[in-house]
Amino acid sequence: RLYDKTPLHRDNFIKLANEHFSDSLLFHRVMNQFMIQGGDPQSKYAQPGQQLGMGDVGYTIPSEFDTALYHKKGALAAARMPDNVNPAKASSGCQYYIAQGKTWTDADLNSMEMQQGRKYSTTQRNMYKTIGGTPFLDMNYTVFGEVESGLQVVDKIASVRTAPGDRPISDVRMKIEVMK
């Protein structure tokens, strides 16, 4: 499901899907209990062991942060360049990830709140404590959708063997279709 609260990201994702941009791209960065990332156009024809993650479409998308949209397990969010080169936290035009994360305790969440200077809502806390996610990414990367069914597929992808650099040893390709 794509969110209406993030129209720039939603519309860009739909545009790329309708153009079949992501068809056969790889999940090129996979980190169990963290996230699975794809969308690098260089991954379509990548050779085994080739470093990936720097490919783009030549544009970024302004961040669209909303405290109601957070990194629970299954959250779809836009990747981006680091703060030191991207202080506005603009998103990649094509790379995105699905949060997997882990479950967190109240003590963990309290510590993150103190470090970040913000509070998690009761709903967010309950979600992070039961299904999990990556709360430390909230309000730093734009969340623009979520996996509504098939979280077991995210877990399966996240558990594949990876090489140094977090690229799966065996390619995991994607195909995205927009359902109306």
Side-chain angles (χ1 to χ4, degrees), residues 1-31 33-46 50-101 112-113 115-121 124 127-128 132-148 154 157-158 165-168 172-178:
R1 176 167 58 111
L2 302 176
Y3 299 142
D4 290 335
K5 288 184 172 188
T6 52
L8 301 174
H9 287 76
R10 177 201 62 212
D11 293 351
N12 182 67
F13 192 81
I14 291 170
K15 176 184 90 73
L16 293 176
N18 287 336
E19 292 171 353
H20 303 281
F21 172 84
S22 297
D23 291 358
S24 296
L25 295 184
L26 300 177
F27 281 101
H28 66 269
R29 185 173 176 225
V30 172
M31 300 172 76
Q33 294 193 331
F34 181 39
M35 59 87 215
I36 60 175
Q37 181 175 334
D40 181 343
Q42 296 175 357
S43 73
K44 189 172 278 195
Y45 304 107
Q50 179 181 336
Q51 289 295 315
L52 297 168
M54 296 306 294
D56 67 33
V57 289
Y59 61 87
T60 59
I61 303 166
S63 60
E64 295 179 289
F65 298 137
D66 187 311
T67 56
L69 306 178
Y70 55 99
H71 284 84
K72 64 184 176 185
K73 183 176 183 177
L76 174 64
R80 65 175 179 81
M81 297 298 288
D83 290 354
N84 63 327
V85 294
N86 181 20
K89 300 181 182 184
S91 300
S92 166
C94 61
Q95 291 198 41
Y96 47 87
Y97 60 92
I98 301 171
Q100 183 200 32
M112 282 184 250
E113 284 178 338
Q115 289 173 0
Q116 296 175 350
R118 58 179 298 275
K119 293 278 189 190
Y120 297 110
S121 71
Q124 290 168 329
M127 193 68 67
Y128 285 136
T134 54
F136 50 90
L137 297 178
D138 289 350
M139 303 305 290
N140 283 300
Y141 295 80
T142 298
V143 174
F144 65 95
E146 67 181 276
V147 175
E148 288 188 312
V154 174
I157 294 169
D166 304 312
R167 180 173 169 187
V172 180
R173 297 202 178 269
M174 64 179 73
K175 181 174 172 101
I176 298 172
E177 294 180 28
V178 177

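All residue numbers in this chain count up from 1 along the given sequence.
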Considering all heavy atoms of both residues, which atom of [X] and which atom of [Y] are nearest to each other, and what is their separation?
X	Y	result
Asp56	Pro41	O-CG, 3.6 Å
Leu25	Asp40	CD2-O, 3.6 Å
Leu26	Arg173	CD2-NH1, 3.4 Å
Ile61	Ser92	CD1-O, 3.9 Å
Val85	Pro87	C-CD, 3.6 Å
Pro168	Val30	CG-CG2, 3.5 Å

Please lay out, stage by stage, how Tyr141 and Thr134 fare under the test side-chain contact (heavy atoms from CB on, under 4.5 Å).
CA-CA 11 Å; Tyr141 295 80; Thr134 54; over 6 Å; no
Please check this pair: side chain of [X] against backbone of [Y], looking for a donor-acceptor N/O pair closer than 3.5 Å.
X	Y	result
Asp166	Arg29	no
Lys72	Ala99	no
Thr142	Glu64	yes
Gln100	Gln33	yes
Gln124	Pro135	no
Asn18	Val178	no
Gln51	Gly165	no

To the closest 0.5 Å, what do you measure between [atom1] ([X]) and [atom2] ([Y])?
X	Y	atom1	atom2	answer
Phe27	Ser43	CZ	OG	10.0 Å
Arg10	Leu76	CZ	CG	13.0 Å
Thr67	Arg118	OG1	CZ	7.0 Å
Ser22	Lys175	OG	NZ	11.0 Å

Mind running side-chain contact (heavy atoms from CB on, under 4.5 Å) on Lys5 and Leu69 for me, showing each step along the way?
CA-CA 9 Å; Lys5 288 184 172 188; Leu69 306 178; 3.9 Å; yes
Under the side-chain contact (heavy atoms from CB on, under 4.5 Å) criterion, do Tyr97 and Met31 qualify, and how do the steps go?
CA-CA 11 Å; Tyr97 60 92; Met31 300 172 76; over 6 Å; no
Run the numbers on His28 and Gln95 for side-chain hydrogen bond (donor to acceptor under 3.5 Å, both in side chains), then give the verdict.
CA-CA 10 Å; His28 66 269; Gln95 291 198 41; 3.3 Å; yes
Partners of His9 by ring-ring contact (aromatic ring centres under 6.0 Å, His included), sequence neighbours excluded?
Phe144
Side chain to side chain contact (heavy atoms under 4.5 Å, CB included) with Asp83: which residues, sequence neighbours excluded?
Arg80, Lys89
Could you work out, with side chain to side chain contact (heavy atoms under 4.5 Å, CB included) as the rule, every residue matching Glu148, not counting sequence neighbours?
Arg1, Glu146
Taking the six-membered ring for Trp and the full ring for Phe, Tyr or His, determine whether the centres of Tyr120 and Tyr70 are under 6.0 Å apart.
no
Check the pair Tyr96, Asn12 against side-chain hydrogen bond (donor to acceptor under 3.5 Å, both in side chains), reporting the backbone distance first and the verdict last.
CA-CA 12 Å; Tyr96 47 87; Asn12 182 67; over 6 Å; no
With a 4.5 Å cut-off on side-chain heavy atoms, are Asp11 and Lys15 touching?
no
Could you please spell out the steps behind the side-chain contact (heavy atoms from CB on, under 4.5 Å) verdict for Thr6 and Asp66?
CA-CA 8 Å; Thr6 52; Asp66 187 311; 5.7 Å; no
Other residues, nucleotides, ligands: >12 heavy atoms within 6.0 Å of Lys44 NZ:
yes
Over 12 foreign heavy atoms within 6.0 Å of CE, Met174
yes
side-chain contact (heavy atoms from CB on, under 4.5 Å) with Phe136: which of His71, Gln115, Met112?
Met112
